[in-house]
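Beneath this line is the structure, given in structure tokens, with notes to follow.
Note that the structure is predicted; figures quoted are calculated from it, not measured.
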Amino acid sequence: MIPVCRLADLPAGASVRVDTTPPVAVFNADGELYAIDDTCTHQDASLSEGWLEGCLVECPLHAASFDLRTGQPTCLPARRPVRTHRVTVDDGIIHIHLAVEEGTAA
């Protein structure tokens, strides 16, 4: 379990990058928290710097889009999913639980 930030510091529509190996992006999509690997599987771009719309994040480099719930790409040029990670909130602090296998939350 890795602490990320206070829930109050991640408003709806915002994201934060966590410098783990590999880096993880945590998103607040309209009050729901999601965590995925931060690097686009098409090319090395930070998804935390992308555009969030509902449960989708669009890569800032070539507009590949990923579903935050599953990590699956929703359009080209990305073809491979990003790993998803479980998110919990304890005493107002957001925590991520790193997944051990690709595409599965811990």
Side-chain angles (χ1 to χ4, degrees):
M1 184 165 72
I2 299 169
V4 175
C5 65
R6 294 182 321 132
L7 180 58
D9 293 336
L10 190 66
S15 63
V16 63
R17 178 183 167 107
V18 182
D19 289 323
T20 53
T21 303
V24 171
V26 179
F27 296 88
N28 183 336
D30 298 324
E32 293 292 326
L33 300 173
Y34 300 96
I36 60 173
D37 281 354
D38 188 44
T39 305
C40 179
T41 58
H42 169 250
Q43 215 164 24
D44 292 338
S46 173
L47 294 173
S48 64
E49 295 176 10
W51 296 275
L52 183 62
E53 186 171 328
C55 288
L56 301 179
V57 61
E58 182 180 305
C59 176
L61 194 56
H62 293 117
S65 182
F66 296 89
D67 188 319
L68 296 174
R69 297 165 294 192
T70 64
Q72 291 295 320
T74 61
C75 65
L76 295 174
R79 296 175 189 258
R80 291 180 293 125
V82 291
R83 273 190 318 166
T84 59
H85 307 279
R86 190 165 62 95
V87 180
T88 57
V89 179
D90 187 35
D91 289 329
I93 304 295
I94 299 169
H95 294 88
I96 54 173
H97 305 260
L98 297 181
V100 283
E101 297 179 26
E102 282 191 23
T104 61

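A 4.5 Å side-chain heavy-atom check between I2 and V24 finds every atom pair outside the cut-off. Looking only at side-chain heavy atoms (C-beta outward), H62 and C40 stay at 4.5 Å or farther from each other. Looking at heavy atoms from C-beta onward, P81 lies out of side-chain contact with F66 at the 4.5 angstrom threshold. Side-chain contact between I36 and T84 is present, with heavy atoms from C-beta onward closer than 4.5 Å. A 4.5 Å side-chain heavy-atom check between I94 and V87 finds at least one atom pair inside the cut-off. The shortest side-chain heavy-atom distance between D19 and R17 falls under the 4.5 Å cut-off. Inter-residue side-chain proximity for H95 and V4 is flagged as unmet; no heavy-atom pair is nearer than 4.5 Å.
For the atom pair CG of L98 and CE of M1, the computed distance is 12.0 Å after rounding to the nearest 0.5 Å. Between the CG atom of L52 and the OG atom of S65 there is a distance of 10.0 Å, given to the nearest 0.5 Å. Note: Y34 OH to T70 OG1 = 10.0 Å, rounded to the nearest 0.5 Å. Taken to the nearest 0.5 Å, the CG atom of L33 stands 10.5 Å off from the CG atom of L68. Here the straight-line distance linking atom CD of Q72 with atom CG of L56 works out to 12.0 Å at 0.5 Å rounding. For the atom pair D37 CG and T20 OG1, the distance stands at 7.5 Å (nearest 0.5 Å).
Residues P60 and W51 come closest through the heavy atom pair CA-CZ3, 3.1 Å. When all heavy atoms are compared, the tightest approach of A99 to H85 is N-ND1, 2.9 Å. When all heavy atoms of P3 and I93 are compared, the pair lying nearest together is CB-CG2, 4.2 Å. Taking every heavy atom of both residues into account, T39 and Q43 meet most closely at CG2-O, 4.5 Å.
Cluster membership for I96 and L7, using ILVMFWY side-chain heavy atoms within less than 4.5 angstrom, is shared.
Between the side chains of T74 and D67, no donor N or O sits under 3.5 Å from an acceptor N or O.
R69 contributes no side-chain N or O that, together with a main-chain N or O of C55, makes up a donor-acceptor pair within less than 3.5 Å. A donor-acceptor pair is defined here as one N or O able to donate and one able to accept, closer than 3.5 Å; no such pair exists between the side chain of D38 and the backbone of P23.
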Legend entry - side chain to side chain contact (heavy atoms under 4.5 Å, CB included) between L47 and C59, worked out: CA-CA 5 Å; L47 294 173; C59 176; 3.8 Å; yes
